[in-house]
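In what follows, a single structure is set out as structure tokens and then discussed.
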Amino acid sequence: MRRRAVHEEMNMTTRQRLSIYGKLILEARPIWKWLVLSCLLCLIIIACAVISPQLMGDVTNTIYDYWAASSGGGEPFPLVEAITPTLLLLLLSYVISSVVRWLNMYLMNNVVSHHYTCAIRIRMSDKIRRLPVKFVDGTPVGQILENMTGDVSAMGNSIHQIVEILVQGVLQLVFIAAAMLLEDWRLGLIVLATAPLSFLLSVKISGASGQYHRASLRENAEIYSVVEESYTNFATTKAYNLERAMEEKHAQANRRQREAQAKANFVTSLVQPSVTLLGALTYIVINLVGGWLAVRGAVPIGVVVTIVLFARQFSAPMEQIANGLSQMQRVTAASIRVFQFLEQPEEDPRQGDVDPRQIQGEVVFDHVAFSYNPDQPLIRDLNFTAHPGQTVAIVGPTGAGKTTIVNLLMGFYDISDGEILIDGRPMSQMSRDQARELFGMVLQETWLFRGTVAENIAYGRPDATREEIIQACDDAYCDHFIRTLPQGYDTVIGDETTTLSGGQKQLLTIARAILADRRLLILDEATSNVDTRTEILIQKAMDKLMRGRTCFVIAHRLSTIVHADRILVIRDGDIVEQGTHQQLLALNGFYAQLYASQYDQAI
């Protein structure tokens, strides 16, 4: 996805860019009132910017008239009284402009941007909930983190750029241009003559910086992935003395990001100085031409001063727009990734109600076919029936399709052909949420979120009472060690907790499944990583959990499923053998070979 996104960014047309900007503006609909207020504040700033030079020109004309009267032998008028009202208005104009600028900046930073980015992140979090599991399986965690942090922050900055460019910058140019032409059209045209050149130069340079901003953001995502990989596999890295290798990998990613960012910054930094240089040249020309006209008496000296001040103010929004255009390149690159994430296909919503209390627990796979890759079929024609209360074990070599069957049962992936029926009703006619509420799961990889022990156990039943939680833990043989924790059931734990052993974490997940009390149960290698004593406890807890439920057990250690009502032997996505443990041993086939290879005994 990342490489495809980068390729699309590099080949974007103007129409596509405008579409991205349009989406950015549409995202701001919830905060439109604040944006309108910001635009009104911008108009006040522009009004002050237009009035101030004219007031300064009036002061200059008054001073010139006073000098002319004094030097010509005429009777001078009181200068201070003449210019004081105008100076007070000028001071008021500057004060109002400064205060309104601060208010606008505060509004944009603390209200608009925060609401804007918060709303997008909430949408992305909600989107993750509706995405199919295959998207999450195939997307690096670091990429999603970068989308939700750096990319969304860049989009928040885009609101600043859009308001400054489309409202304050452009309108200020228009009003100042009109004011200059009204003051003196000749000097006004000299200033306006450089505007197209400045604009074209800004667009050209900012466009060149786009590829480097894209490369920088791409490397940012790589850094996120490396850091996430290093942290989540910290123990393995330590065990194999791979600290130096991970350090070098991180250093390389940082080096590539730094080089890309340096190039982007260098090209972007050329925009403002180029526009400033053109503005300075214009300023010089205005002073020369204006001075020449004033000496000849073609224009009053106050008009020249006014135009000179306007010329200085005219360059400010030009620089602002130029800087905004260069920054929009980074915003565009970030926005593409965020919108691609938000536009990812969601899980197909299934319709249909099911009452978990009425489910008996019969599960039928009727000519089921499935493949992760259309060119590589995994399950071709799977048929079996699990009767209510029956324990069905699924065994086979790695990659045979055991976990895939669990994914299909849970609706994480959609089958290609056939039907999966529960109590005779196709799962395709049940909503995904309600279908998943029929299943309890105990997996090989335990997962605990940061919260109290009680909250973790009640994860599948948030409304459970403390008495029900304690009873579930007692049934799972974990109540005794929970009470030895510092705060008992109120002890805060998490997936990274090192004070709990792997077996204790597994017992907590079994207690969670007992408390959820689902009619269908999936056990995936729940005893694979524990010691013998803990395995006995877990097996006893699982026996209680499995009582009266339809259970699907995935196992590599065949000793754990010898008492299963039915064993399905999967090979290359097909059932090659099925029966009880003794029946399969008597066949002396593939299952017997697996059993003999584990226990080194002849059958």
Counting only heavy atoms not in [X] (residues, nucleotides, ligands), do more than 12 fall under 6.0 Å from its [atom1]?
X	atom1	value
Glu343	CD	yes
Phe412	CZ	yes
Phe266	CZ	no

| query | Is the shortest side-chain N to carboxylate O distance from Glu455 to Arg450 below 4.0 Å? | reply |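 No.
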| query | Should the pair Glu346-Lys127 be classified as a salt bridge under the 4.0 Å nitrogen-to-oxygen rule? | reply |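 Yes, Glu346 and Lys127 are salt-bridged.
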| task | Would you sort out whether Met56 and Thr306 count as a side-chain contact (heavy atoms from CB on, under 4.5 Å), showing the intermediate values? | result | CA-CA 7 Å; Met56 183 59 73; Thr306 301; over 6 Å; no
What heavy-atom pair brings [X] and [Y] nearest, and what distance separates the two atoms?
X	Y	result
Gln172	Ala49	NE2-CB, 3.9 Å
Ser153	Thr117	CA-CG2, 4.4 Å
Ile120	Val152	CG2-CG2, 3.9 Å
Ala82	Thr62	CB-CG2, 3.9 Å
Ser125	Met148	OG-CE, 3.4 Å
Val299	Gly290	CG2-O, 4.4 Å

What I'd like to find out is whether the side chain of [X] reaches to under 4.5 Å of the side chain of [Y], using heavy atoms alone.
X	Y	result
Val289	Val304	no
Ile20	Ile336	yes
Arg186	Leu293	yes
Gln54	Phe310	yes
Asn456	Ile493	yes
Leu90	Ile51	no
Phe341	Leu131	yes
Leu443	Thr509	no

| Identified side-chain contact (heavy atoms from CB on, under 4.5 Å) counterpart of Arg432 within the set Glu437, Arg130, Met410, Glu347 |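 In the set Glu437, Arg130, Met410, Glu347, the residue that makes a side-chain contact (heavy atoms from CB on, under 4.5 Å) with Arg432 is Glu347.
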| message | Given Val303, which partner from the list Asp184, Val308, Thr60 fulfils the side-chain contact (heavy atoms from CB on, under 4.5 Å) test? | response |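 Output: one option passes, namely Asp184.
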| task | Report the C-alpha distance between Asn104 and Cys42 in whole Å, list the side-chain angles of each, state the deciding distance to 0.1 Å, and finish with yes or no for side-chain contact (heavy atoms from CB on, under 4.5 Å). | result | CA-CA 8 Å; Asn104 196 34; Cys42 287; 3.6 Å; yes
Interatomic spacing from [atom1] in [X] to [atom2] in [Y] - rounded to 0.5 Å:
X	Y	atom1	atom2	result
Thr452	Asp490	OG1	CG	6.0 Å
Tyr94	Cys48	OH	SG	10.0 Å
Ser38	Ile31	OG	CD1	9.5 Å
Asn287	Thr282	CG	OG1	11.0 Å
Leu192	Leu187	CG	CG	11.0 Å
Ile96	Leu103	CD1	CG	11.5 Å

| request: Assign the ring pair Phe449 / Trp447 to parallel, tilted or perpendicular, where the plane angle (0 to 90°) is split at 30° and 60°. | output: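 Plane angle between 30° and 60°, so tilted.
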For the side chain of [X] and the backbone of [Y], is there at least one donor-acceptor N/O pair under 3.5 Å apart?
X	Y	result
Arg123	Leu342	no
Ser97	Ser93	no
Arg121	Thr149	yes
Asn254	His250	yes

| query | So which of Arg255, Glu248, Lys249 actually passes side chain to side chain donor-acceptor pair (under 3.5 Å) with Gln252? | reply |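 Going through Arg255, Glu248, Lys249 one by one, the side chain to side chain donor-acceptor pair (under 3.5 Å) with Gln252 is satisfied by Glu248 alone.
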| Ile286 and Val191: side-chain contact (heavy atoms from CB on, under 4.5 Å), yes or no, with the steps? | CA-CA 8 Å; Ile286 287 295; Val191 178; 3.5 Å; yes
| side-chain contact (heavy atoms from CB on, under 4.5 Å) evaluation trace for Trp34 with Leu37 | CA-CA 5 Å; Trp34 296 108; Leu37 177 58; 4.2 Å; yes
| Between Thr86 and Asp58, a side-chain donor and acceptor under 3.5 Å |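 Asp58 and Thr86 do not have a side-chain donor-acceptor pair below 3.5 Å.
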| task | For the residue pair Gln344 and Gln340, confirm or rule out a side-chain donor-acceptor distance under 3.5 Å. | result |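 Result is no, nothing qualifies.
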